[in-house]
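Shown next, in structure tokens, is the structure this report addresses.
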Amino acid sequence: MGLKGAETRDRLLDATQELIETGGYLGAGLNQVIAASGAPRGSLYFHFPGGKDQLVGESVKRAGRAIEDDLEDLAGSATSAAEFTGAVLRRLGERLEESGWRKGCPVATVALETASTNDPLQEACSEVYTSWESALRAHLAGRPDVDDLAVTVLALVEGALLLARTHRSREPLDRVARQIGTLLD
């Protein structure tokens, strides 16, 4: 694929990610993706012959990698697991607030809408959550309960994002950060 093709593919993925983060799977119709990306309809089917499910699945995975990269960046400057998770919650809170409370987790809405009815998208969401658990596990290493802690921290972060978005307030994120700090001390 040439440079122009890669740019078109990236525009389609960017538009899809924006639409699914703000409106979920159901809010990311192919006409909306084409309009938001400025790409021709034929390009969508050329790059994503599996249609909407392939497009959304790849977008979810791509967004998941971006969050995982953020986790790695934050881990490099944290001196403790509690400091690391606090930094993660602050970063996610900044992202949420900067979006006008429209962008929570790039995976959660799709997972909630499709996990019980769409195996390919359930697998894509599961893959992202598994990678985040692994990243958290790496930063909680050395604890005998590391597997349970990684899932617990991820669940607390996801719940805090949902509450923060719903209340349009960072307070749930701040409260969860304090509780995770207590849990990890």
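Residue numbers run from 1 in the order of the sequence given. No experiment lies behind these values; they were computed from the predicted model shown.
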Do [X] and [Y] sit in one hydrophobic cluster, given that two such residues count as connected whenever their side-chain heavy atoms are within less than 4.5 Å of each other, even indirectly?
X: I67; Y: L13; answer: no
X: V88; Y: V128; answer: yes
X: L136; Y: L74; answer: yes
X: W101; Y: V107; answer: yes
X: L26; Y: V60; answer: yes

Looking at residues at least two apart in the chain, or sitting in another chain, which of them share a salt bridge (Lys or Arg N to Asp or Glu O under 4.0 Å) with D119?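 Partners of D119 by the salt bridge (Lys or Arg N to Asp or Glu O under 4.0 Å) criterion come out as none, since no residue qualifies.
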Could I get the full list of salt bridge (Lys or Arg N to Asp or Glu O under 4.0 Å) partners for R170, not counting sequence neighbours?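 Scan of R170 (salt bridge (Lys or Arg N to Asp or Glu O under 4.0 Å), adjacent residues dropped) gives E97.
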For the side chain of [X] and the backbone of [Y], is there at least one donor-acceptor N/O pair under 3.5 Å apart?
X: S126; Y: Q122; result: no
X: T85; Y: A81; result: yes
X: T182; Y: R178; result: yes
X: N118; Y: L121; result: yes
X: T114; Y: V110; result: yes

One pair to check against salt bridge (charged side-chain N to carboxylate O under 4.0 Å, His left out): R175 and E171. What are the steps and the verdict? CA-CA 6 Å; R175 288 180 172 182; E171 187 176 348; 2.6 Å; yes
Between [atom1] of [X] and [atom2] of [Y], what distance do you get to the nearest 0.5 Å?
X: E123; Y: K61; atom1: CD; atom2: NZ; value: 8.5 Å
X: L112; Y: Y25; atom1: CG; atom2: OH; value: 15.0 Å
X: Q54; Y: L44; atom1: CD; atom2: CG; value: 9.5 Å

CZ/R168: more than 12 non-hydrogen atoms of other groups inside 6.0 Å: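 Atom CZ in R168 is not packed in, count stays at 12 or less.
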What's the shortest heavy-atom distance between [X] and [Y], and which atoms?
X: T8; Y: S43; value: CG2-CB, 3.7 Å
X: G86; Y: A177; value: CA-CB, 4.4 Å
X: G93; Y: L173; value: CA-CD1, 3.4 Å

Sequence neighbours excluded and cut-off under 3.5 Å, please list the side-chain donor-acceptor pairs for residues 154-161, or say none.
{"from": "E158", "atom 1": "OE1", "to": "Y129", "atom 2": "OH", "distance (Å)": "3.1"}

Do [X] and [Y] have side-chain heavy atoms sitting under 4.5 Å apart?
X: L140; Y: D145; answer: no
X: L184; Y: I180; answer: yes
X: R9; Y: F46; answer: no

Which residues share a side-chain contact (heavy atoms from CB on, under 4.5 Å) with [X], sequence neighbours left out:
X: E68; answer: S131, W132, A135
X: D14; answer: R62
X: S134; answer: R137
X: S80; answer: A82, E83

Is there a side-chain contact (heavy atoms from CB on, under 4.5 Å) between V33 and F48? Walk through the geometry before answering. CA-CA 12 Å; V33 171; F48 303 97; over 6 Å; no
Which atom pairs, one a donor and one an acceptor, fall under 3.5 Å between side chains of residues 16-24 and the rest of the protein, sequence neighbours left out?
{"from": "T16", "atom 1": "OG1", "to": "L12", "atom 2": "O", "distance (Å)": "2.8"}
{"from": "Q17", "atom 1": "NE2", "to": "E21", "atom 2": "OE2", "distance (Å)": "2.9"}
{"from": "E18", "atom 1": "OE1", "to": "K103", "atom 2": "NZ", "distance (Å)": "2.8"}
{"from": "E21", "atom 1": "OE1", "to": "R95", "atom 2": "NH1", "distance (Å)": "3.0"}
{"from": "E21", "atom 1": "OE1", "to": "R95", "atom 2": "NH2", "distance (Å)": "2.6"}
{"from": "E21", "atom 1": "OE2", "to": "R95", "atom 2": "NH2", "distance (Å)": "2.9"}
{"from": "T22", "atom 1": "OG1", "to": "E18", "atom 2": "O", "distance (Å)": "2.9"}
{"from": "T22", "atom 1": "OG1", "to": "L19", "atom 2": "O", "distance (Å)": "3.4"}

Tell me, please, which residues at least two apart from F84 pass ring-ring contact (aromatic ring centres under 6.0 Å, His included).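 In terms of ring-ring contact (aromatic ring centres under 6.0 Å, His included), with neighbours along the sequence ignored, F84 is linked to H139.
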Which pairs count as side-chain hydrogen bond (donor to acceptor under 3.5 Å, both in side chains) when at least one residue sits in residues 27-40, sequence neighbours excluded?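 Pairs touching residues 27-40 that pass the test: N31-R41.
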All pairs passing ring-ring contact (aromatic ring centres under 6.0 Å, His included) where residues 52-82 contributes a residue, at least two apart: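 Every candidate ring-ring contact (aromatic ring centres under 6.0 Å, His included) pair involving residues 52-82 fails, so no pair, neighbours aside, qualifies.
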Tell me which pairs pass ring-ring contact (aromatic ring centres under 6.0 Å, His included) where either residue lies in residues 143-185, with sequence neighbours left out.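 Not a single pair qualifies under ring-ring contact (aromatic ring centres under 6.0 Å, His included).
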Check step by step if side-chain contact (heavy atoms from CB on, under 4.5 Å) holds for T109 and R165. CA-CA 12 Å; T109 304; R165 188 174 181 188; 4.1 Å; yes
